[in-house]
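Since this is a predicted model, take the numbers as computed values, not measurements. Letters A, B, ... mirror the listed sequences (proteins, then strands); counts begin at 1.
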Amino acid sequence: MEKRYRPDQVEGKIYQKWEEKGFFTPKIDKKKEPFCIIMPPPNANGSLHIGHALFVAVEDLIIRYQRMRGRAVLWLPGADHAGILTQVVFERELAKKGKTRFDLGREKFFQACFDFTQKNKEKMFSQLRALGASCDWTRAKFTLDKEVTKIVYDTFYHLYQEGLVYRDWRMVSWCPRCATALSDLEVVYKEEKGKLWYIAYPFVDGKGEIVVATTRPETMLGDTAVAVNPQDKRYRRLVGKKLRLPLVNREIPLIADEMVDPQFGTGAVKITPAHDPDDFVVGKRHHLPFIQVIGFDGKMTAAAGEEFADLPVKEAREKVVGALKKQGFLKKVKSYSHRVGHCERCKTTVEPLVSLQWFVKTKPLAKKAVEVVKKGKIKIIPRRFEKTYFRWLENIRDWCISRQLWWGHQLPIWYCGTKGLSELQKIMNPEIVKGQPEGCGKVFVGEKPPSRCPVCGNTRFIRDPDTFDTWFSSGQWPFSTLGFPKGKDYLYFYPTAVMETGYDILFFWVARMIMLGLYRTKKVPFRVVYLHGMVRDVFGQPMSKSRPETCVDPQETVKKYGADALRMALLYGSSAGNDVVVDEKKIEAMRNFANKIWNASRFIYLSCEAERWQIKEGKKSQEDKEILEELSATIAQVTGDIENYRFGQALESFYQFFWHEFCDVYLEKIKNRRQEALPVLLKVLSVSLRLLHPFAPFVSEAIYQLFVAHLKGKFGFEKDYLIVSPWPKEKFAK
RNA sequence: GGCCGCUUAGCUCAGUUGGUUAGAGCGUCCGGUUUACAUCCGGAAGGUCAGAGGUUCGAGUCCUCUAGCGGCCACCA
């Protein structure tokens, strides 16, 4: 045995052995209890960072523990195509070469993204191996795999048949850079310093004016009314009169609507139904015209008037303000701070725009998702997140699932002729419209269109060019990976045991998995949700692939300190739902711990060698009995902590026992009678290695291999490999 | 505006159902290398557990309030 533990010299070999022996691949065995974790598929838009190492540390710990407990354990790995994110990242790469996706065209772009993600996937999988993840590679999945896609399409079909998805003109958040609609969750709001402009709208009859306040003066070009609160005494008698819209000279009515807060601004609100979510509702309620003055490209449209058409929104704003000022309509300007929405992935300011999109009717799905948690069929750890979960689901709005992206699952929807496409879709996808008949526009859902339209007899169908929100497919991950509805894995492993992921995607992912899982399988997708915290760097910033410069590469760390050290550093002194700070000093400390274990083992090993491995049971001394008592207590402690998801505590207990009680005290005491103490030393060691294995799989297995070669079948070295050895029983020492 | 969390040794953080002198890692100080490990060992200093009040035989742990920090959610123009 070397004087120092050298992780780089053993980790690769051990991992290979484990994999070759098939320890990661469970056999479906009716006599065994199944235990399954579906790995949160990392986004294949880059490589893994230290943040991912945390999920590996936690999930692999649970998995290895359950495997040792004798369950049929499946940890299913995968990767996510990550629709919009990958498209944004890949388009950035293209931009560096001065290209856009349109230069490639849809097919080539998709292929290039596919190649890009496959490359990333392989890199990520090798990183997972380096971290020691004992997942079943024979079952690895990608979100765009054929069999996964089929299930995603089937789910959409069922939702459609039951009226739980619909297509409608709605106001959605639109990212002008990505040129796609977004869901509410994909918009991040940032406080921005802006201004509140007070603009006078004169009455048509020349008798006075009404002043409105707005943060977005450029949208006034699309105003079709001014609204006041019906109770507002200042304006009550004026309701119904006509106003003349400055710059545009359009006559617009003064209407009364409850939505107006008389306390804010002047108590009078300009109504732009096409460009503000509230105004959209008011516009519908009062049957106002919708005038779109901002286009999907983020520039003013022809409807904004010759003077403003084609100007980017910001420039249009300045020009409108300038014109208003010049003509005397601008009454006041106040500085004003408010929240502005940005695209989660590319940070561009989003524009609320009306467009034709597909939505999931979420209320009925959410209701059931709330129920299963309330009834305890799914437990969220830590508990406090249940409240957050309920709040979100109880206020949920319909989910826009269509994206005008090229990278992702194309919608399994066919329209009879070109009539089914929106104008926007036609403009964005001229090649699919060219030479096609108009048809009747009837909608068909399925992987293939019918041969003939039953309504109009047309035989030419156009596939909806849009793709699914990436979360629509990952929301089905727990059953789409297992081969729902008839796959053997599905029948055996579903519902899965634990969903381990970060609290940041509780809504994005966990809630959607519960909704879609319940909808499709009529069962909960998992029984426990364990939420880990964010891994932050020394500056307190969370690790994120969108900021690769601040991310620590786990492989570098593994090379330097060993996978075990990194994993233990992430677990030690951490707890569910709380953030973890990556500290190289802590990794170093855990590297030292691994080395400590190695050297204590080395001491025992050398003692055994001195006896030529002929170890005889002897009489136990007082200190022998004490250390065995302490070992016993440690087994209870570690087991209890793992069962209750207190992994940091479990590791601390073990650390305390092994280093301080076993090494510092016991080992020193028996140095003058080590031959006699060998049976106890070996028992403590074999149990300790098993307790340690879920936390530090490599060093524990490496040591185990050294001993089992000589002591097979004795002192707890029963199995050929530690990874499949039984978890120690608490009563062991008694 | 609503909700949630945090505030424990110089630093980074644990502390399950309330129970004896409050813990770890790192750092600091003193001492120690022939004999598993200097990636080590022995010893020490260092905390009125943010503040105030309350419940209790007993509170870092439960309740109320206050302050600072952080996060999430929300259509106030």
Side-chain angles (χ1 to χ4, degrees), chain A residues 1-5 171 173 184-185 188-189 196-198 212-217 219 226-227 259-272 275-282 336 338-339 341 352 382 384-392 395 397 503-504 506-507 533-534 536 538 540 542 561-562 565 568-569 571-575 577-607 637 640-641 643-653 655-656 659-660 663-665 667-668 671-672 674 681:
Chain A
M1 268 183 100
E2 291 205 40
K3 243 182 149 180
R4 281 182 190 182
Y5 172 53
M171 179 149 283
S173 294
D184 299 338
L185 278 179
V188 289
Y189 291 89
L196 202 52
W197 283 274
Y198 289 75
V212 299
T214 179
T215 54
R216 300 203 55 189
T219 63
V226 168
M259 150 269 198
V260 181
D261 174 6
Q263 307 301 315
F264 189 90
T266 60
V269 190
K270 61 192 267 319
I271 300 295
T272 324
H275 296 290
D276 180 276
D278 291 329
D279 297 4
F280 178 80
V281 175
V282 174
Y336 186 70
H338 64 139
R339 300 177 85 73
R384 68 183 130 92
F385 282 99
E386 290 185 357
K387 201 167 171 181
T388 319
Y389 171 85
F390 293 141
R391 259 179 67 84
W392 187 72
N395 297 297
R397 299 199 297 167
Y503 63 71
D504 57 329
L506 179 61
F507 306 144
M534 301 297 104
R536 294 173 187 276
V538 282
Y561 298 101
M568 288 194 286
L571 293 170
Y572 196 96
S574 73
S575 55
N578 290 332
D579 294 350
V580 185
V581 178
V582 174
D583 180 2
E584 198 158 348
K585 281 267 160 48
K586 199 165 161 189
I587 301 172
E588 220 176 284
M590 291 303 137
R591 188 265 325 260
N592 294 352
F593 182 44
N595 187 59
K596 186 74 186 175
I597 297 158
W598 177 266
N599 267 294
S601 308
R602 182 165 176 262
F603 172 79
I604 300 169
Y605 189 88
L606 295 175
S607 307
Q637 199 75 43
D641 283 335
E643 289 286 346
N644 291 295
Y645 302 93
R646 295 189 296 257
F647 307 123
Q649 284 293 302
L651 180 54
E652 281 187 54
S653 303
Y655 184 102
Q656 190 60 28
W659 197 315
H660 301 303
C663 293
D664 291 349
V665 179
L667 236 46
E668 293 305 323
K671 271 188 175 166
N672 51 0
R674 60 168 102 167
L681 285 172

Colleague: Starting from the 5' end of RNA chain B, give me the residue, Ser601(A) or Met259(A), whose nearest nucleotide shows up first.
Modeller: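 Nearer the 5' end of the strand: Ser601(A).
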Colleague: Of the listed nucleotides (rA77(B), rU12(B), rA36(B)), which one gets closest to any side-chain atom of Val581(A)?
Modeller: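 For Val581(A), the side-chain atoms sit closest to rU12(B).
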Colleague: Would you measure the distance from the P atom in rC13(B) across to the matching atom in rU35(B) and give it in whole Å?
Modeller: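 One P to the other, the span is 39 Å.
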Colleague: Where the side chain of Thr214(A) is defined as all heavy atoms beyond and including C-beta, which of rA77(B), rA36(B), rG15(B) is the nearest nucleotide?
Modeller: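 Side chain of Thr214(A) sits closest to rA77(B).
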Colleague: Please tabulate the protein-to-nucleotide N/O contacts below 3.5 Å involving nucleotides 23-32 of chain B, giving atom names and distances.
Modeller:
unit_1  : atom_1 : unit_2    : atom_2 : d
rA24(B) : O2'    : Tyr572(A) : OH     : 2.3
rG25(B) : OP1    : His660(A) : NE2    : 3.4

Colleague: Between Gly265(A) and Lys387(A), who's closer to the 5' end of RNA chain B by nearest nucleotide?
Modeller: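 Mapping each residue to its closest nucleotide by heavy atoms, the 5'-most match is Lys387(A).
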Colleague: Which nucleotide in the list rC37(B), rU16(B), rC76(B) gets nearest to the side chain of Arg646(A)?
Modeller: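 Of all the options, the side chain of Arg646(A) is nearest to rU16(B).
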Colleague: Between the protein and nucleotides 68-74 of chain B, are there any N/O to N/O pairs under 3.5 Å, and if so, what are the atom names and distances?
Modeller:
unit_1  : atom_1 : unit_2    : atom_2 : d
rA74(B) : N6     : Arg339(A) : NE     : 3.0

Colleague: Is RNA chain B part of any stem, that is, at least 3 consecutive Watson-Crick or G-U pairs with both distances under 3.5 Å, and where?
Modeller: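 Output for stems: B:1-7 with B:67-73, B:10-13 with B:23-26, B:28-32 with B:40-44, B:50-54 with B:62-66.
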Colleague: Taking rU55(B) as the reference, what is the distance to rC11(B) when you measure between their C1' atoms (whole Å, please)?
Modeller: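 So the two C1' atoms sit 36 Å from each other.
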Colleague: Of the options rU39(B), rC41(B), rC4(B), whose atoms approach the side-chain atoms of Arg384(A) most closely?
Modeller: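 The closest nucleotide is rC4(B).
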Colleague: Let's see if you can work this out: which of rU39(B), rC37(B), rU12(B) has an atom nearest to the side-chain heavy atoms of Asn599(A)?
Modeller: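 Among the listed nucleotides, the one closest to the side chain of Asn599(A) is rC37(B).
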